[in-house]
Amino acid sequence: MIDLRLLREDPDTVRASQRARGADESLVDQLLAAEERRRSGIADFERARAEQNALGKQVAKASGEQKAALLATTRELAEKVKALKADSDAAAAELDQLTLRLDNVVETGTPPGGEDDYVVLREVGTARDFAAEGITPRDHLELGELLGAIDTERGAKVSGARFYFLTGVGARLELALLMCAVDQAVAAGFTPMITPTLVKPDVMRGTGFLGAHSDEIYHLPADELYLVGTSEVALAGYHSDEIIDLSAGPRRYAGWSACYRREAGSYGKDTRGIIRVHQFHKVEMFSYCRVEDAHEEHLRLLAWEEEMLAKVELPYRVIDVAAGDLGSSAARKYDCEAWVPSQGRYREVTSTSNCTTYQARRLGVRERNPQAGDGSTRHVATLNGTLATTRWIVAMLENHQQADGSVLVPKALQPYVGGLDVLPAPGAAG
RNA sequence: GGAGGCGUCGCCUAGUCCGGUCUAUGGCGCCCGCCUGCUAAGCGGGUUUGGGGAUCAAACUCCAUCGCGGGUUCAAAUCCCGCCGCCUCCGCCA
């Protein structure tokens, strides 16, 4: 949600943001007009209401004929107040509708354009040259089946397409990965959280997920609840309608949860294996911080993601996502993409967004303004970033595979799988 | 699923029957000032949140806010309806 004061004082910044996103610029002027109508509506209503309050006090004191006369005027006034209230409410509702349509103002430096206009910031590590090693790399599903780690056939039997079982070492590997991520987060000062995966409409709307991409979200109409696509949703709602204290620095949470995505409109994309699934697990970093710290915090989240990628020894690149591909809440977004040998390309494994005050405004997360000193409040910034997800298993299996189909376990994960340094391939020779 | 009780400005609390000096009482905590070798005590003042107007900014002023949303009324913390949350009991199920 936009700061209406910013909109009034600096509409050009908002217009430029809309342009970079490829979104509707005229929305800015519609908002300005609606805001003006709302303010005059409120002023009219409040003037009449004040008069009514004053007369009401006289009625209480008066008696007899005097009272009867007063009642006649106040009755009339009550009608007027009611009508003005309706006008004022309508104007406010119209403004709210427009406000919800406006996406977050992008951060300076964000590449303009759409999905393909990202900028590669760096490439880290080098992809293995399987040809030089004389190996034809298997893809993650073939490896997963060989190791008894992934069962998509039975996933489909039980739950349908895009569902799977992680079995044996697959289940262990996921738990190891996520536990390792939690431990890293705790060491960095995060509070680990296991969050609800069903949330109320207000919270889902507050995080910005019920906008243009609402068909990605599972909805349970019988209970009026939504299944979260990430624990970001629950963690953003955690401090909703609260005034929190950030004087000691950002509040950092590491959420562990199942994540659910409908994957509507991705028919035929990534149908093999577990790259794109309806349900997976994720450890998500979430930070509440002061607006002036948000940029630095964003870079810290990215650094923690890269630290985690280094632990599982994956080659990856970092991209600066273009304005049109940010989603409604983010002002800036960096994705880390790991190399997937079977596809010969990089695939997203983490994503970190700086949502500035966009979510906090909708959810009512505030702090005492440290600059004002008069006890006034202001909205905080929220940021999120992936620390590990089920999808990482795809890249880990493929990058660490050996000729016989066995898979090496990265050193950092070995303590989490009972000291195993290799996932053996029982079906393969050796 | 059924029955009952409760929900007031950080915490506790008065007010709700019987609508109007409620501009929501009092205490605790907290903040500012006075007093005082220091501290404590004492004294005085302040202390919900959101919004409108005014202002360079303030002071100031107005509106809303007693769990949330409607309704009745000239007027609602107070009366009526719906919802949410917490607690107690019963039923059902692990």
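Per chain, numbering begins at 1; letters A, B, ... match sequence-line order. Reckoned from all heavy atoms, side chains included, excluding hydrogens, waters and symmetry mates.
Look at B:U78: it lacks any Watson-Crick or wobble partner with both distances under 3.5 angstrom. Checking B:C86 for Watson-Crick or G-U wobble geometry (two distances, each under 3.5 Å) identifies B:G5 as its partner.
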Apply side-chain contact (heavy atoms from CB on, under 4.5 Å) to A:Leu95 and A:Leu31, showing your working.
CA-CA 7 Å; A:Leu95 178 65; A:Leu31 272 163; 3.9 Å; yes
With side-chain contact (heavy atoms from CB on, under 4.5 Å) as the test, would you mind laying out the steps for A:Ile274 and A:Thr390 before giving the verdict?
CA-CA 8 Å; A:Ile274 59 166; A:Thr390 305; 4.1 Å; yes
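Which of B:C74, B:C63, B:G52 sits closest to the side chain of A:Arg39 comes down to B:G52. Checking B:C74, B:U49, B:C63 against every side-chain atom of A:Arg49, the shortest atom distance belongs to B:C63. For A:Ile42, taking side-chain heavy atoms from C-beta onward, the closest of the listed nucleotides B:C74, B:G52, B:U49 is B:G52. Which of B:C74, B:G52, B:G50 sits closest to the side chain of A:Arg38 comes down to B:G52. Distance from the side chain of A:Thr377 is smallest to B:G50 among B:C74, B:U49, B:G50.
When the side-chain nitrogen and oxygen atoms of A:Asn53 are compared with OP1 and OP2 of B:A75, none of them lie within a distance under 4.0 Å. Phosphate proximity of B:C62 to A:Arg47: absent, as no side-chain N or O sits under 4.0 Å from OP1 or OP2. An OP1 or OP2 oxygen of B:U49 is reached within less than 4.0 angstrom by a side-chain nitrogen or oxygen of A:Arg368.
For a distance-only test at 3.5 Å, the side chain of A:Glu46 qualifies as a donor-acceptor partner of the base of B:G51.
Between A:His239 and A:Tyr253, the ring-plane angle classifies as tilted under the 30° and 60° cut-offs.
For the pair A:Leu55 CG and B:C62 C1', the computed distance is 16 Å after rounding to whole Å. In this structure, A:Lys57 places its NZ atom 16 Å from C1' of B:G19, rounding to the nearest Å.
A:Gln52 comes within 4.0 angstrom of the backbone, heavy atoms only, and of no base.
Atom OH of A:Tyr260 has more than 12 neighbouring heavy atoms from other residues, nucleotides or ligands inside a 6.0 Å radius.
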